[in-house]
Amino acid sequence: MQDLITLIIATRNPNKTAEIRDLLADYPIQIKNLDDFGPIPAVEEDGETFDDNAYKKSSFTAKVLGIPALADDSGLVVEALGGAPGVFSARYAGENATDEQRCRKLLAEMKGKTNRKAAFECVISIAAPSGSALTYEARCEGLIAEKPAGQNGFGYDPIFYYPPLKKTFAQLTREEKSRVSHRGKALRELRDEFDKVLIWIRQHMPVQERIDPLHPSQQ
Ligand code: ITT
């Protein structure tokens, strides 16, 4: 029987971890968090696209720990703001701002704007320790609400209104959100070909050399 593959979720955002764990729950893998390891340096997310940053996070973590890593880079893209906050979503109101401060800043920027169209975008990158990677991406379209509503979720969920369900993402349960969200869609794409992904991971793992201490020259 083959050993169970370990996949580390390379995120420091516990809400993302919870959503990703839910969606990969039925698969024959052992999922670990960054908290399961000692401190590893943070990755600088200075890429110009979600794709760049997702790969930076997954490849760095996989190389440092020697285990396949899955990273998510995501954010909110607002049409009337020329695509902002985009890759700066996490830092939109400064490095140490809270989710509430980020939402408040976005609502202030949107004051008086009639075009409220926005989309959450997500790129999932799975990297092997060698640096090879697979990528999945998805988006979810909605509108920026006039004011926050709902207590669930994280980030911009209270101000992201999803017209088909007539609710903000923060008014949905985690399961309801994952059924329609950017992250849920990207992870479902990954799940749909998970058997192939497992084969890919096995093929890209470094070969462990076993040295027989009694007959080292025969190796
Ligand atoms: P990691 O880099 O450690 O994964 P992070 O929170 O810094 O965690 P990102 O750099 O990808 O993650 O920034 C994404 C930001 O975009 C996140 O902090 C939220 O503000 C926002 N965001 C992403 N997905 C979201 C979602 O499903 N609901 C609400 N806001 C979301």
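Source: prediction; values computed, not measured. Atoms within a ligand are numbered from 1 in the order they appear, just like the ligands themselves.
Among residues two or more places apart in sequence or in another chain, the salt bridge (charged side-chain N to carboxylate O under 4.0 Å, His left out) test is passed with Lys16 by Asp72.
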Taking only distance into account, with no hydrogens and no angle test, what donor-acceptor pairs under 3.5 Å do side-chain atoms of residues 140-150 form with protein atoms, sequence neighbours excluded?
residue: Glu141; atom: OE2; partner: Arg139; partner atom: NE; Å: 3.3
residue: Glu141; atom: OE2; partner: Arg139; partner atom: NH2; Å: 3.0

Without placing hydrogens or testing angles, list every side-chain donor-acceptor pair under 3.5 Å for residues 84-95, not counting sequence neighbours.
residue: Ser89; atom: OG; partner: Leu76; partner atom: N; Å: 2.9
residue: Ser89; atom: OG; partner: Gly86; partner atom: O; Å: 2.6
residue: Arg91; atom: NH2; partner: Glu45; partner atom: O; Å: 3.3
residue: Arg91; atom: NH2; partner: Val87; partner atom: O; Å: 3.1

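You'll find the side chain of Pro28 stays beyond 4.5 Å of the side chain of Ile5, heavy atoms only.
Within 4.0 Å of ligand 1, the residues that place a heavy atom are Thr11, Arg12, Asn13, Lys16, Glu45, Lys57, Asp72, Asp73, Ser74, Gly75, Ser89, Ala90, Phe120, Phe154, Gly155, Tyr156, Asp157, Lys177, His182, Arg183, listed by chain and number.
Note: His182 and Phe120 have parallel aromatic rings, judged against thresholds of 30 and 60 degrees for the angle between ring planes.
Between the side chains of Glu193 and Tyr136, at least one donor N or O sits under 3.5 Å from an acceptor N or O.
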